[in-house]
Amino acid sequence: MQNVRITLAPIIILLSFHIVQAVGSSVDYENLSCGTLLGDHRYCLDYSNRSLLLPPDGTNLTTILDLSHNKIKTISQDKFKSQRLLMKLDLSHNEIVNIDPTALQQLKSLSEINLGNNPYICEYGICSFRNWLESNRLLVKDLDAVTCSSPQHFKGRKIVDADVASVCRNGTNHHGFEINTETLIGFLILLVMIVIVLAIFGIRERMAGRIVVPALWSARIPVLAARGGGAL
């Protein structure tokens, strides 16, 4: 009974919104449509193979959304916030290196998603996504294709099967600042530069001190001699 309610919910809401049309919208939903419900083309939208760099703005009536075979690299946390009716989402065959699970957790009606064939980087930042996959194995239809592209020792390995200790700091989700190899190298270079600059200033100060102090002392000698009758 609960499954029936979940299935009917998008249809009921769509019926209530059906009288509302996209006024002033420049998007040709009819051309993008992969199916209609009650004559509304926004029910199913196909954006595949369009060289998109970012997911397009969706509609609150879209139930099926195909974004596969594009060049999408990132998914912002609130990208699908207004698309609560989404039941099927395809993000496969893009250039995504990581996904913030928050973007997917907002899709309460989601029943099917494709995330495979993306160049995921399996470092500490992938931890939250890995744990989301673990909890939603049945939801992800191409789970075997959700694999690591790097580092080399993880290449081709399913993210969901990655050892927690390997991709999660201290075996848990990490939400703070991550220090990777590039960050560490950059920090060391900056530290060396600071030390060099301080050393240069220190040397200049010492040299200046050795030159200036004797000069000042010699300038005081005639004055002291005049006051003390030649005694220093």
Side-chain angles (χ1 to χ4, degrees), residues 50-57 67-81 91-106 115-135 140 145-221 223-224:
R50 294 176 185 271
S51 299
L52 299 177
L53 299 178
L54 292 171
D57 293 332
L67 298 173
S68 65
H69 296 276
N70 282 293
K71 298 180 180 180
I72 299 172
K73 295 184 178 181
T74 59
I75 305 292
S76 61
Q77 289 186 0
D78 59 348
K79 189 62 207 179
F80 304 116
K81 186 176 181 180
L91 290 169
S92 64
H93 296 276
N94 276 282
E95 298 178 8
I96 303 171
V97 297
N98 196 358
I99 295 180
D100 188 333
T102 304
L104 305 178
Q105 291 168 352
Q106 297 172 354
L115 299 167
N117 296 288
N118 283 295
Y120 297 108
I121 299 176
C122 294
E123 294 181 341
Y124 286 132
I126 204 76
C127 179
S128 296
F129 181 49
R130 181 258 177 220
N131 291 341
W132 183 89
L133 290 172
E134 175 64 31
S135 302
V140 185
V146 185
T147 59
C148 305
S149 65
S150 64
Q152 187 62 34
H153 60 279
F154 277 141
K155 189 173 184 178
R157 187 175 179 180
K158 288 193 295 184
I159 296 178
V160 72
D161 292 338
D163 185 21
V164 174
S166 300
V167 295
C168 298
R169 187 176 297 279
N170 298 325
T172 59
N173 289 351
H174 185 74
H175 300 285
F177 178 70
E178 292 288 357
I179 299 179
N180 53 29
T181 303
E182 293 182 359
T183 303
L184 182 59
I185 293 175
F187 176 76
L188 291 176
I189 292 175
L190 179 61
L191 183 61
V192 170
M193 291 177 64
I194 292 175
V195 171
I196 292 174
V197 171
L198 291 176
I200 292 174
F201 275 105
I203 293 172
R204 287 183 177 179
E205 288 294 330
R206 288 185 180 180
M207 293 179 65
R210 290 175 182 175
I211 296 173
V212 174
V213 173
L216 291 174
W217 180 252
S218 60
R220 293 177 60 190
I221 292 177
V223 178
L224 292 175

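In what follows, residues are counted from 1 in the order of the sequence shown.
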### Task
Find the distance between CD (Glu123) and SG (Cys168) and round it off to the nearest 0.5 Å.
13.0 Å

### Task
Please lay out, stage by stage, how Leu133 and Val140 fare under the test side chain to side chain contact (heavy atoms under 4.5 Å, CB included).
CA-CA 8 Å; Leu133 290 172; Val140 185; 3.9 Å; yes

### Message
Go through it in stages, so that I can follow the logic: the residues are Phe129 and Val167, the test is side chain to side chain contact (heavy atoms under 4.5 Å, CB included), and I'd like the CA-CA distance, side-chain angles, deciding distance and then a yes or no.
### Response
CA-CA 10 Å; Phe129 181 49; Val167 295; over 6 Å; no

### Query
Between Ser166 and Phe154, which heavy-atom pair has the shortest distance, and what is it?
CB-CZ, 3.4 Å

### Message
Restricting to side chain to side chain contact (heavy atoms under 4.5 Å, CB included), what partner residues turn up for Leu191, sequence neighbours left out?
### Response
none

### Query
Is there a side-chain contact between Leu54 and Thr74 (heavy atoms, below 4.5 Å)?
yes

### Task
Identify the heavy atoms of Arg157 and Asp161 that sit nearest to each other, and give their distance.
NH2-O, 3.4 Å

Without placing hydrogens or testing angles, list every side-chain donor-acceptor pair under 3.5 Å for residues 94-104, not counting sequence neighbours.
unit_1: Asn94; atom_1: OD1; unit_2: Asn70; atom_2: N; d: 3.2
unit_1: Asn94; atom_1: OD1; unit_2: Lys71; atom_2: N; d: 3.4
unit_1: Asn94; atom_1: OD1; unit_2: Ile72; atom_2: N; d: 3.1
unit_1: Asn94; atom_1: ND2; unit_2: Leu67; atom_2: O; d: 3.0
unit_1: Asn94; atom_1: ND2; unit_2: Leu91; atom_2: O; d: 3.0
unit_1: Asn94; atom_1: ND2; unit_2: Ser92; atom_2: O; d: 3.1
unit_1: Asn98; atom_1: ND2; unit_2: Gly125; atom_2: O; d: 2.8
unit_1: Asp100; atom_1: OD1; unit_2: Thr102; atom_2: N; d: 3.0
unit_1: Asp100; atom_1: OD1; unit_2: Thr102; atom_2: OG1; d: 3.0
unit_1: Asp100; atom_1: OD2; unit_2: Gln77; atom_2: NE2; d: 2.7

### Message
Angle between ring planes, His93 versus His69, binned at 30° and 60°: parallel, tilted or perpendicular?
### Response
parallel

## Note on the structure
Heavy-atom closest pair (Gln106 atom, Phe80 atom, distance to 0.1 Å) is OE1-C, 4.1 Å

### Message
As an exercise, state the distance from NZ of Lys155 to OG of Ser149, rounded to the nearest 0.5 Å.
### Response
7.5 Å

### Message
On a heavy-atom basis, which atom in Cys122 and which in Pro151 lie closest, and how many Å separate them?
### Response
O-CD, 3.4 Å

